[in-house]
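Note sheet for the following structure.
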Amino acid sequence: MSTGTIGIIAIYVVIIAAFYFIAIRPNKKREKEHAALVNAVEVGDSILTTSGFYGVVIDIPSDDVIIVEFGSNKNCRIPMQKSAIVEVEKEGSED
């Protein structure tokens with residue numbers, strides 16, 4: 001191999017490494033944080049959904065579905081995917 005070929009290969013390796021550290025690694029970290037947030041949801045927690053709705057978790061029938069009560073109307077109970085949760089405020093915590 002010539003010196004030019006090794007230089008080109010080295011440039012490609014540097015570009016791929018930079019792409020990994022700039023794009024892929026932070027995204028995986030965010031995914032892990034979101035998974036931890038979603039798995040920590042319990043009945044009684046106040047949540048914010050990706051649609052911008054605030055609600056209270058009233059039941060967790062399965063691993064990926066929760067029942068949320070929205071607004072002051074106690075009859076508005078909607079099943080939704082846990083992955084649609086953006087924020088969680090634990091029951092009893094005051095900020």
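When reading the values below, keep in mind they use all heavy atoms of this one structure, side chains included, and skip hydrogens, waters and symmetry mates. Predicted model, so just to flag it, every value in this text is computed and none were measured.
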Full working for side chain to side chain contact (heavy atoms under 4.5 Å, CB included) between F70 and M80: CA-CA 12 Å; F70 293 100; M80 60 177 276; 4.2 Å; yes

Spacing of [atom1] belonging to [X] relative to [atom2] belonging to [Y], to within rounding of 0.5 Å:
| X | Y | atom1 | atom2 | value |
| --- | --- | --- | --- | --- |
| D64 | K82 | CG | NZ | 8.0 Å |
| R30 | K28 | CZ | NZ | 13.0 Å |
| E89 | I47 | CD | CD1 | 12.0 Å |

Scanning both residues in full, the closest heavy-atom pair of G55 with V68 reads CA-CG1, 3.7 Å

Report yes or no: do [X] and [Y] belong to one cluster of Ile/Leu/Val/Met/Phe/Trp/Tyr joined by side chain heavy-atom distances under 4.5 Å?
| X | Y | answer |
| --- | --- | --- |
| V43 | L37 | yes |
| F53 | V41 | yes |
| I78 | I60 | yes |
| I8 | F19 | no |
| I6 | I9 | yes |

Within the distance-only criterion (no hydrogens, no angle test), does the side chain of K90 pair as donor or acceptor with the backbone N or O of A40 below 3.5 angstrom?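 At least one qualifying donor-acceptor pair exists.
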
A23 backbone acceptor or donor facing N27 side chain under 3.5 Å: no

Answer yes or no: are there more than 12 heavy-atom neighbours, outside D63 itself, under 6.0 Å from its atom CG? no

Under the side chain to side chain contact (heavy atoms under 4.5 Å, CB included) rule, what do I85 and I66 come out as? Steps first, then yes or no, please. CA-CA 10 Å; I85 297 173; I66 59 174; 3.7 Å; yes

